[in-house]
Amino acid sequence: QMQLVEFGGGLVQAGGSLRLSCVASGRTFGMYVIGWFRQVPGKEREFVAAISRNSYIEDYADSVKGRVTVSRDNAKNTAYLQMNSLKPEDAAIYYCAADRNIKIQRTEKDYDYWGQGTQVTVSS
């Protein structure tokens, strides 16, 4: 089992920034692709970004490309999601997830472990 815990959510004004952290324990963090997803009430969870095991490959949803950067520090068992120029439509619960496969995936069913989520609220 792997446990994932997200930190860093909160209330920010439109145009502001937040950095989310995802801290892992229980498994070899560096052996997993890490993905970030978000969900608003009444909607399906959607892919935001993902990073490969060795940080060589990053993938972003079109809705956040250019405003969001995903990164990881395998020595610290931690992944990050730096979000800039936040918009009200970015408000959601943000989840990190771990996938034991090598290839980055965008669908939630491909991920094996999930955190409990952290709320991001963006005021206009």
Side-chain angles (χ1 to χ4, degrees):
Q1 285 287 344
M2 173 183 276
Q3 291 76 44
L4 300 171
V5 181
E6 300 93 341
F7 299 94
L11 172 64
V12 64
Q13 286 189 329
S17 299
L18 278 177
R19 187 175 83 154
L20 307 183
S21 301
C22 171
V23 180
S25 61
R27 292 285 185 176
T28 305
F29 181 71
M31 297 301 294
Y32 290 78
V33 166
I34 298 298
W36 287 91
F37 292 77
R38 66 188 182 187
Q39 188 172 26
V40 297
K43 291 190 175 182
E44 293 186 355
R45 199 173 297 187
E46 67 171 353
F47 172 79
V48 176
I51 187 166
S52 63
R53 298 175 176 184
N54 52 17
S55 301
Y56 286 176
I57 300 172
E58 301 168 15
D59 187 27
Y60 298 94
D62 288 344
S63 58
V64 302
K65 198 172 293 184
R67 301 188 295 117
V68 166
T69 302
V70 60
S71 61
R72 66 190 297 165
D73 184 338
N74 288 346
K76 295 183 177 180
N77 289 349
T78 303
Y80 305 95
L81 189 71
Q82 177 68 44
M83 302 189 293
N84 301 321
S85 302
L86 282 162
K87 304 175 182 180
E89 53 263 42
D90 293 317
I93 298 175
Y94 282 72
Y95 300 88
C96 66
D99 177 9
R100 72 190 71 182
N101 292 308
I102 294 176
K103 185 178 178 182
I104 286 180
Q105 306 287 346
R106 289 190 168 201
T107 51
E108 60 176 302
K109 67 176 178 61
D110 293 308
Y111 286 79
D112 303 294
Y113 302 104
W114 291 82
Q116 84 291 346
T118 185
Q119 178 74 52
V120 171
T121 304
V122 183
S123 63
S124 57

**Q.** Rounded distance (nearest 0.5 Å) linking atom CE of M31 with atom CG of N54
**A.** 11.0 Å
Q. In Å, rounded to the nearest 0.5 Å, how long is the span from CG of L81 to CD1 of I51?
A. 10.0 Å
(Q) Taking side-chain contact (heavy atoms from CB on, under 4.5 Å) as the criterion, tell me which of Q3, M2, R45 meets it with W114. (A) R45
Q: Among D73, N77, V23, find the one that has a side-chain contact (heavy atoms from CB on, under 4.5 Å) with F29.
A: N77
Q.
I need the minimum non-hydrogen distance between M83 and V68, along with the two atoms involved.
A. CG-CG2, 3.9 Å
Q. Any donor-acceptor pair under 3.5 Å linking the side chain of D112 with the backbone of R100?
A. yes
Q.
Please say yes or no: joined through hydrophobic side-chain contacts below 4.5 Å, possibly via intermediate residues, are Y95 and V64 part of one cluster?
A. no
Q | Which atom of A92 lies closest to which atom of V40, heavy atoms considered | A | CB-CG1, 3.6 Å
Q | Atom pair CD1/OG1 of I93 and T121 - distance to nearest 0.5 Å | A | 9.0 Å
Q: Please list, chain by chain and in numerical order, all residues satisfying ring-ring contact (aromatic ring centres under 6.0 Å, His included) with F47, sequence neighbours excluded.
A: F37
Q | Side-chain donor or acceptor of Y111 paired with backbone N/O of W36 under 3.5 Å | A | no
Q: List the steps, then state whether salt bridge (Lys or Arg N to Asp or Glu O under 4.0 Å) holds for K65 with D62.
A: CA-CA 5 Å; K65 198 172 293 184; D62 288 344; 3.3 Å; yes
Q. Under 3.5 Å, is there a donor-acceptor pair between the Y80 and Q82 side chains?
A. no
Q) Taking all atoms of both residues into account, what is the closest heavy-atom pair of I34 and A79, and its distance? A) CG2-CB, 3.7 Å
Q.
What I'd like to find out is whether the side chain of K87 reaches to under 4.5 Å of the side chain of V122, using heavy atoms alone.
A. no
Q) Has the side chain of R106 got a donor or acceptor atom that lies under 3.5 Å from a matching backbone atom of Y60? A) yes
Q.
Tell me whether Q116 contacts the main-chain N or O of V5 through its side chain, where contact means a donor paired with an acceptor under 3.5 Å.
A. no
Q | Distance-minimising heavy-atom pair for E46 and R38 | A | OE2-NE, 2.5 Å
Q: Apply side-chain contact (heavy atoms from CB on, under 4.5 Å) to V120 and L20, showing your working.
A: CA-CA 9 Å; V120 171; L20 307 183; 4.1 Å; yes
(Q) What's the separation between atom SG in C96 and atom CD in E6, rounded to the nearest 0.5 Å? (A) 4.0 Å
**Q.** V33 to K103 - nearest heavy-atom pair and separation
**A.** CG2-O, 4.2 Å
Q) For the residue pair I104 and A50, what are the closest heavy atoms and their distance? A) CG2-CB, 3.6 Å
Q. Once you round to the nearest 0.5 Å, how far does OG of S52 lie from CG of D59?
A. 10.5 Å
Q. So does L11 have more than 12 non-hydrogen atoms from other groups sitting under 6.0 Å from CG?
A. yes
Q. Roughly how far, to the nearest 0.5 Å, is OG of S124 from CD of Q13?
A. 9.5 Å
